[in-house]
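The first residue of the sequence shown is numbered 1, and numbering continues consecutively from there.
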Amino acid sequence: MENNKTPAIIAGVIAVIVIAGGALWFVNNNNEDTSNTTSQSQPAEEQQPAEAQKVTIVSLASDTSDLSTLVTAVKAADLVETLQSEGPFTVLAPTNSAFAALPEGTLESLLKAENKDQLASILKYHVISGKVLAQDLKDGQVVKTVQGGDLTVAIEGDMVYFVDAKGNKAKVEKADVNADNGVVHIISGVLLPS
């Protein structure tokens, strides 16, 4: 009887070895597939940053529907290249409704080719050299614009305003919209130099 059990035990051991070997083969092949998938996806991940385009102040404004008038003005004043450069810049970006609130005919006049220098001066008055975040602003602070004029910061409660040379106030509606070459603060009014 002992002889009858020996072949059954040997068959059982062989079955265990076959099952274990099959399991090891399965695990090994799945690990190889995973490593192949990982190695194949790594070059794509490495290429991703190179393919990603920089978000400049101009491209950010172009992708914001409420800044389309500003984009039109920047193009008319030939400032696109400047605002796409390395910077950093802080741009106070008037909304479409801010431009619409100007006296009738003002915007149309500024967009004419013969008024390009005046338009460029007004737009540069909305640009500060360097990256100035909302948390960096203090009540009463005077900031120098790229145009050469000054703006005054007014903080009333939790609202931040920029006051131009003529005393006009523009409220910061959305602060700290980051771009690769600076930051944009979306404002409620068009600021005018003296």
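Residues Ala165 and Pro193 come closest through the heavy atom pair CB-C, 4.3 Å. When all heavy atoms of Ala77 and Leu123 are compared, the closest pair comes out as CB-CD1, 3.8 Å. Considering every non-hydrogen atom in both Leu119 and Ala76, the closest pair reads CD2-CB, 3.8 Å.
Side-chain contact check for Asp176 versus His185: some heavy-atom pair is nearer than 4.5 Å. Side-chain contact check for Val163 versus Asn168: every heavy-atom pair is 4.5 Å or farther apart. Between Leu83 and Val91 the shortest side-chain heavy-atom distance falls below 4.5 Å. In this structure, the side chains of Thr95 and Ser188 stay at 4.5 Å or more apart for every pair of heavy atoms. The side-chain heavy atoms of Pro94 and His126, taken from C-beta on, include a pair separated by under 4.5 Å.
When atom types are taken as modelled, the side chain of Asn96 and the backbone of Ser65 share a donor-acceptor pair closer than 3.5 angstrom. Of the possible polar contacts, none joining the Asp150 side chain to the Val142 backbone as a donor-acceptor pair under 3.5 Å is found. The backbone N or O of Asp117 lies less than 3.5 Å from no partner atom in the side chain of Ser121, so there is not a single donor-acceptor pair.
Side-chain heavy-atom separations under 4.5 angstrom define the hydrophobic clusters, and the remaining members of the one that includes Ile128 are Leu92, Tyr125, Val132, Leu137, Val143, Leu151, Val153, Ile155, Val160, Phe162, Val172, Ile187, Leu191.
Annotation: salt bridge (Lys or Arg N to Asp or Glu O under 4.0 Å) contacts of Asp78 (sequence neighbours excluded): Lys116.
Here the CG-CG distance, from Asn115 to Leu110, works out to 6.5 Å after rounding to the nearest 0.5 Å. Once rounded to the nearest 0.5 Å, the distance linking CD1 of Ile57 with CG of Leu79 reads 12.0 Å.
For the pair Lys169 and Tyr161, the cation-pi test (distance below 6.0 Å, angle within 45°) is passed.
With hydrogens and angles left out, the side-chain atoms of Lys131 and Asn178 include a donor and acceptor closer than 3.5 Å. Under 3.5 Å, the side chains of Thr56 and Asp180 contain no donor-acceptor pair of N or O atoms.
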Subject >> Trace of the side-chain contact (heavy atoms from CB on, under 4.5 Å) decision for Thr72 with Val74 >> reply: CA-CA 6 Å; Thr72 299; Val74 166; over 6 Å; no
Subject >> From CA spacing to verdict: side-chain contact (heavy atoms from CB on, under 4.5 Å), Leu192, Val190 >> reply: CA-CA 7 Å; Leu192 300 171; Val190 176; 4.2 Å; yes
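For Glu81, the CD atom counts as loosely surrounded, since its 6.0 Å shell holds 12 or fewer non-hydrogen atoms of other residues, nucleotides or ligands.
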